[in-house]
Number of protein chains: 2
Amino acid sequence: MIDKNSHIPIYAQLEGILLEMIESGELKPGDIIPSENELSKKYGISRMTAKKAIDSLTIKGLVERTQGKGTYVSSYEKKIELPLNRLRGFTQKVCEMGLVPENKLLAFEKIPCPKNISKILGIEEGEKVWRMERVRQIDEIPAVFEESYISVKLLPDLKEKNLLESKFDYIKKIGLEIGNSEREILAEIPSDYVASALRLKRNEPILLAENTTYLKKGEVLEYSKIYYNQKKYRFKLIAEGD
Amino acid sequence: MIDKNSHIPIYAQLEGILLEMIESGELKPGDIIPSENELSKKYGISRMTAKKAIDSLTIKGLVERTQGKGTYVSSYEKKIELPLNRLRGFTQKVCEMGLVPENKLLAFEKIPCPKNISKILGIEEGEKVWRMERVRQIDEIPAVFEESYISVKLLPDLKEKNLLESKFDYIKKIGLEIGNSEREILAEIPSDYVASALRLKRNEPILLAENTTYLKKGEVLEYSKIYYNQKKYRFKLIAEGD
DNA sequence: GAGTGGTCTAGACCACTAA
DNA sequence: TAGTGGTCTAGACCACTCT
């Protein structure tokens, strides 16, 4: 079963054994898998080694662990489909479903613009910018963590209230025309801060979009980093042939 | 420095300390960071705990480790920009740069179609399909791992040679018109197999696109999973305002 | 050969869950 | 209270890199 003299680490061998059990259907979604103690006894390895194998399956999303309960094979949940190539895909989709996204404001401050952000926004370093952190959730489930920067010059009278409702509606209301957004997509392990805001475990991969949003007249409106909870959402787009 | 009675795990505290040193510029890209032994002595913790902190920075992409050498703060490398909303973005971009992507065929077989794939391709379970695994690389650096399925009915005479050159050109040559592709984007920890094909370390996050490509007349042509090496590429698209 | 990271062990204490 | 996973230790052996 496990070859202790193999050049393949024991934890990787055990991970393979468990993976095989999941893929073959021997362990089905929702099933509990053997505990660390059981595995360490069964294969004559230390508990730490067994744990390492299971932890690896965890960050791959194949199993879920709960302290005090055990480790269970992940079930596929119904996920909400979001278009990655729409700026307001999230809001739109949620509204279509008759739900209202709830915004939680984690930070809202007026700060001197850091150098890297100032380059993107096209303003001077040190000029005042709004810095905001929001979590958007539905039914108490965090869906999106957003960190964004907007020049104070563009939105001098921005209030907390506007962020708790709809930032975009407010921007349109004061007469600014929002254009398109350049979006870079990354797979990342989030910081512990972002992970806990989305109620995710440490070291789970997450989709990140870095956005530079323009006004219709060409000026940069906003720079934002949006982290998406993949547990609940699927991200789609259409790629064109040639 | 480190509070052993804190509710925050020691490894998380140490990770924070190192992160702070990197973000403050005390440790610059390319610098070596203290070894596991040095850290365990300095903070009076075990080497395993120090390792856990550094491993976490590794999968977040902030440092890179080499056995026998040490751990270094990651340098930002120039990355090639690819459009996520173009089917042939990779080929196109590489050709624009005057380079030729080299294809390595890892698997090419005619198999009975598995159930889940048959649903997507719109054919009967067990009907014959081509299953292919390719790695595309530039200058010996793996860029993309692709696993794909195409009905044998559509491409009865597909040869290894066609895959080593250009699959799409071959498809066009035999008179099929390629349409658009529905693409789902995911952040994933790849299997060890995929990771090693792309020469990545275990447990590093990666961008995955799952594609369903259609012919112009509506039929499904291909289902493919494409894994992108983020180390070398950046993925961009334009999101439309409203 | 000295130093590095990679793996592994056999124990320990803790926080949490469920009965 | 018993069992689970989360953390941590102090050692050990190995493979690798550099000199």
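Per chain, numbering begins at 1; letters A, B, ... match sequence-line order.
The nearest whole Å value for the distance from the CD1 atom in A:I10 to the P atom in C:dG6 is 17 Å. Computed from coordinates, the B:D55 CG to C:dC8 P distance equals 13 Å when rounded to whole Å. With rounding to whole Å, B:E64 atom CD is found 12 Å from C:dG6 atom P. Going from atom CG of B:L39 over to atom C1' of C:dT4 covers 13 Å, rounded to whole Å. In this structure, B:K51 atom NZ and C:dG5 atom C1' are separated by 6 Å, rounded to whole Å. Across the protein-nucleic acid pair, A:K41 atom NZ and C:dT9 atom C1' stand 16 Å apart, rounded to whole Å. When the C1' atom of C:dC8 is taken as reference, atom NE2 of A:H7 falls 17 Å away, rounded to whole Å. Across the protein-nucleic acid pair, A:E36 atom CD and C:dA10 atom C1' stand 15 Å apart, rounded to whole Å.
On a pure distance criterion of 3.5 Å, no polar donor-acceptor pair joins the side chain of B:R202 and the base of C:dG6.
Here B:S35 does not reach the OP1 or OP2 of C:dG3: none of its side-chain N or O atoms lies under 4.0 Å away. The side chain of B:Y11 places no N or O atom within less than 4.0 Å of a non-bridging phosphate oxygen (OP1 or OP2) of D:dC8. Taking side-chain N and O atoms only, B:T66 has no distance below 4.0 Å to OP1 or OP2 of C:dT4. The side chain of B:T71 contributes no N or O atom lying less than 4.0 Å from OP1 or OP2 of C:dT4. Between B:K4 and D:dT9 there is a side-chain polar atom (N or O) within less than 4.0 angstrom of OP1 or OP2.
Here the side chain of A:K69 is nearest to one of D:dG11, C:dT17, C:dT4, namely C:dT17. The side chain of A:N37 lies closest to D:dT4 when the candidates are D:dT9, D:dT4, C:dA12. Of the listed nucleotides (C:dA10, D:dT7, C:dT7), C:dA10 has the atom at the smallest distance from the side chain of A:S46. Among the nucleotides D:dT7, D:dC13, C:dC8, the one closest to the side chain of B:R47 is D:dC13.
Side chain of B:E38 to main chain of B:S35: a donor-acceptor pair is present (N/O by atom type, distance under 3.5 Å, no hydrogens or angles). Listed for the A:D31 side chain is no donor-acceptor partner under 3.5 Å among the backbone atoms of A:V73. Judged by distance alone, with hydrogens and angles left aside, the side-chain atoms of A:K236 form no donor-acceptor pair with the main-chain N or O of A:N85 at under 3.5 Å.
A residue-by-residue look at A:Q67 and A:I45 shows that A:I45 has its nearest nucleotide of DNA chain C further toward the 5' end. When the nearest nucleotides of DNA chain D are assigned to B:G44 and A:R65 by heavy-atom distance, the more 5′-ward of the two goes with A:R65.
At a threshold of 4.5 Å between non-hydrogen side-chain atoms, the residues B:Y228 and B:Q230 do not count as touching.
Among the atoms of the strands shown, only primed sugar atoms or phosphate atoms (P, OP1, OP2) are found under 4.0 Å from some heavy atom of A:K52. Using a 4.0 Å heavy-atom cutoff across all strands shown, A:I54 reaches no nucleic acid atom at all.
There is a side-chain donor-acceptor pair under 3.5 Å between A:S166 and A:R88.
A cation-pi arrangement is not found for A:K79 relative to A:Y233, the charged atom failing to lie both closer than 6.0 Å to the ring centre and inside a 45° cone about the ring normal.
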